[in-house]
Amino acid sequence: MPRIWKFGDDIDTDQVVPGRYAPYMTGDPELQKYAFIENRPDFAKQVKTGDWIVAGKNFGCGSSREYAAQALRKSPIAGIIAKSYARIFFRNALNLGIPLYESDELNDRVQDGQELSFDAEHSSLTVDGKTYALKPMPGFVHQIIREGSIIDFVKKHGKFPGE
Amino acid sequence: MSQQTLAEKILSHVSNREVHAGDLAVVPVARAMTVDSIALSVMDVMKQLGCERVHDPDKIALFVDHVAPASNVATADAQQKLRAFAEAQGIRAFYDVGSGICHQVMIEEKLVTPGTVAVGSDSHSTAYGMVGTFGTGMGSTDVGLIFATGKTWLRVPETLRVDLRGKPRPYVMTKDIILRIIRDLKVDGGTYKAMEYHGVESFSFDSRFTLASMSTELGAKVGLIEPDEVIKKRFPVPDWLYSDADARYLRRIDLDVSTLDPQVAAPNSVDNVHDVGELKSVHVDTVFLGSCTNARLEDLQTVARIVRGKRIAKGTRLMVTPASRTVLMNATNDGTLSTLLEFGAALATPGCGACMGRSQGVLGAGEVCFSTGNRNFRGRMGSPEAKIYLGSPAVAAATALTGFITDPSAL
């Protein structure tokens, strides 16, 4: 069963991938190895397909570095559910096609390591027998995710969502 | 058009229709900028799009500032590729090692225009708001799309209006004002929002940069200052570039700056802000006078005035990294630099330097740094076991003198 990786509020991009581990510094494209390398060293080693990150408010604040989102894209996580996102991280993750949801209550109700099942059709997550409805995201978010990424979207449609 | 904030007005003008907060707008980008640490990713996005030529080479600027000069073979190789890209694409606004920090040079060289949109692959691109440019930071995919198409999409932000009142006390700087605002609003208090600052008429050109650039530490999309005579003397300001008297703000914040003490952000969050006096027992190993936030001529002069003729505290170091070559030349010509060097400062190449934790002053485990920069996240400047305090150049100077976090007015 996939599990929850729980994080708190204001997880900044230096905690997702510290600047010293940027591909620019290391020349290493295997970014997923460095996801949360100092914050949670067990993450990169143990994360499995279908796991979700469940975070607090303002997830991804700080730098514009897209390799933070890229490290999570290259990891096997299915997506992220946060109370809220920092704006540049939100754009970066969405552009790369990472499913993003918001929930005010989930982070306070669940524990790190709990098993989960995700229902994409109803945008809900079930943990320990209780089902949590996730907030619906704006239409352009679904349009981008459906095509795979913003690059796939622009290549296919020749314009931006909403243009 | 009426009832518009500065952000709504700019986005309406550039998209040729009246837009208000909440609308999605696809807008032309008058200047897109990237830097050595991100450029290869931007080039890769163009490749994925099948795009060989940038949309308009005169609307792009490229900088080698994040690790400048290169610190290892990987960064040197990447910089070579950036130079080749600039040459092949005919991009004239290319600034190599030693030119300085992208945001500082964008303003010095007037690469941004009031009333237009400028996007950088760096979060502190909000700095351009100091001259009334809708400046915002984005990731490499968004910037790559702008390089290819000349456009981006934006959700028109709601605006938080800040009115500053009163005259700050001696040694209180705009850094203290923005830290006070972040202390109150917290690091997500401006997420997705535009900040709009009023009451800055008495503040110098240099000092406004700090307000606009650190708006990103509130999570804000943009940090706009309505251009006044100080800006109009240097930049072409369109006559429509002001916020309407009946503009709709999400919230209005009044801040009396006349009683403000110097403010210091303690580890590990920019909103963990204290009055300087509360931190006077903190010993500091290294003081960093640098970054796009506070390393302009005025900042260096402020430090020089406080330390002139004195010696740095034993057991404390001072690293000076001027924001640009122009700042360094001016500080050399007016004697500021020799004052700092006589005091005991070490000098680094203009650029982002130690603020990034990648070169020119990386911190080790257990080290305590007082930085004039903008972020004190765990691991930001090197070891995750280092501690970073953020504050103004005036407090940095007093701290370098005593070795402890010090209020300059208490010297």
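Sequence lines set the chain letters: A, B, ... in the order given, protein chains first and strands last, and positions in each chain run from 1.
In summary, the side chains of B:Thr141 and A:Glu66 do present a donor paired with an acceptor at a separation below 3.5 Å, with no hydrogens or angles considered. There is no side-chain donor-acceptor pair under 3.5 Å between A:Arg65 and B:Ser123.
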Go through B:Leu49 and A:Lys155 one step at a time and tell me if the side chain to side chain contact (heavy atoms under 4.5 Å, CB included) criterion holds.
CA-CA 6 Å; B:Leu49 286 165; A:Lys155 279 172 84 169; 4.1 Å; yes
Between A:Phe160 and B:Lys151, is a side chain to side chain contact (heavy atoms under 4.5 Å, CB included) present by the stated rule, with each step listed?
CA-CA 9 Å; A:Phe160 290 97; B:Lys151 292 182 291 190; 3.9 Å; yes
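In this structure, A:Thr26 and B:Ala74 approach most closely via the heavy-atom pair C-CB, 4.3 Å. Of all heavy-atom pairs spanning A:Tyr85 and B:Thr191, the tightest one is O-CG2, 3.4 Å. Between A:Ala22 and B:Arg358, the shortest heavy-atom contact is CB-NH1, 4.1 Å. Closest non-hydrogen pair, B:Asp142 versus A:Arg91, comes out as OD2-NE, 2.9 Å. In terms of heavy atoms, A:Arg87 sits closest to B:Met138 at NH2-CG, 4.3 Å.
In terms of non-hydrogen atom pairs under 4.5 Å with chain A, the most contact-rich of B:Val270, B:Thr136, B:Val362, B:Asn374 is B:Thr136. For chain B, the option among A:Pro161, A:Ser63, A:Pro23, A:Ala69 with the highest count of heavy-atom pairs below 4.5 Å is A:Ser63. Interface remark: of the candidates B:Arg378, B:Glu217, B:Lys221, B:Met381, B:Lys221 forms the most heavy-atom pairs closer than 4.5 Å to chain A. Contacts with chain A were tallied for B:Thr152, B:Asp271, B:Leu40; B:Thr152 has the most, counting heavy-atom pairs under 4.5 Å.
A donor-acceptor contact shorter than 3.5 Å is absent between the side chain of A:Asp14 and the backbone of B:Phe377.
By the 6.0 Å contact criterion, NZ on B:Lys387 is open, its count of non-hydrogen atoms from other residues, nucleotides or ligands being 12 or less. Atom NZ of A:Lys135 has more than 12 heavy atoms from other residues, nucleotides or ligands within 6.0 Å. In B:Glu52, the CD atom is not crowded: 12 or fewer heavy atoms of neighbouring residues, nucleotides or ligands sit closer than 6.0 Å. By the neighbour-count criterion of 12 heavy atoms within 6.0 Å, atom NZ of A:Lys45 is sparsely surrounded, having that number or fewer from other residues, nucleotides or ligands.
A distance of 11.5 Å separates SG in A:Cys61 from CG in B:Leu218, rounded to the nearest 0.5 Å. Residue A:Phe140 holds its CZ atom at 4.0 Å from CH2 of B:Trp153, rounded to the nearest 0.5 Å. Taken to the nearest 0.5 Å, the CG atom of A:Asp12 stands 8.5 Å off from the CG atom of B:Asn268. Between A:Met25 atom CE and B:His66 atom NE2 the span is 11.5 Å, to the nearest 0.5 Å. Taking OG of B:Ser140 as the start and CG of A:Asn95 as the end, the distance is 9.0 Å to the nearest 0.5 Å. To the nearest 0.5 angstrom, A:Arg20 atom CZ is 11.5 Å from B:Arg380 atom CZ.
With a threshold of 4.5 angstrom between heavy atoms, B:Leu24 approaches chain A through side-chain atoms but not through N, CA, C or O. For a residue to count as touching a neighbouring chain, one of its non-hydrogen atoms must lie under 4.5 Å from one of that chain's; by this rule B:Ser125 does not touch chain A. With a 4.5 angstrom heavy-atom cutoff, B:Ser359 does not touch chain A via any of its atoms. Of the atoms belonging to A:Ser149, not a single heavy atom falls under 4.5 Å from chain B. For a residue to count as touching a neighbouring chain, one of its non-hydrogen atoms must lie under 4.5 Å from one of that chain's; by this rule B:Arg375 touches chain A with the side chain only. Both the backbone and the side chain of A:Ile151 come within contact range of chain B, with heavy atoms under 4.5 Å apart. Only the backbone of B:Ala220 comes within contact range of chain A, with at least one heavy atom under 4.5 Å from a heavy atom of that chain.
Applying the side-chain hydrogen bond (donor to acceptor under 3.5 Å, both in side chains) test between A:Tyr24 and each of B:Thr75, B:Asp77, B:Asn72, B:Asp36 identifies B:Asp36 as the sole match.
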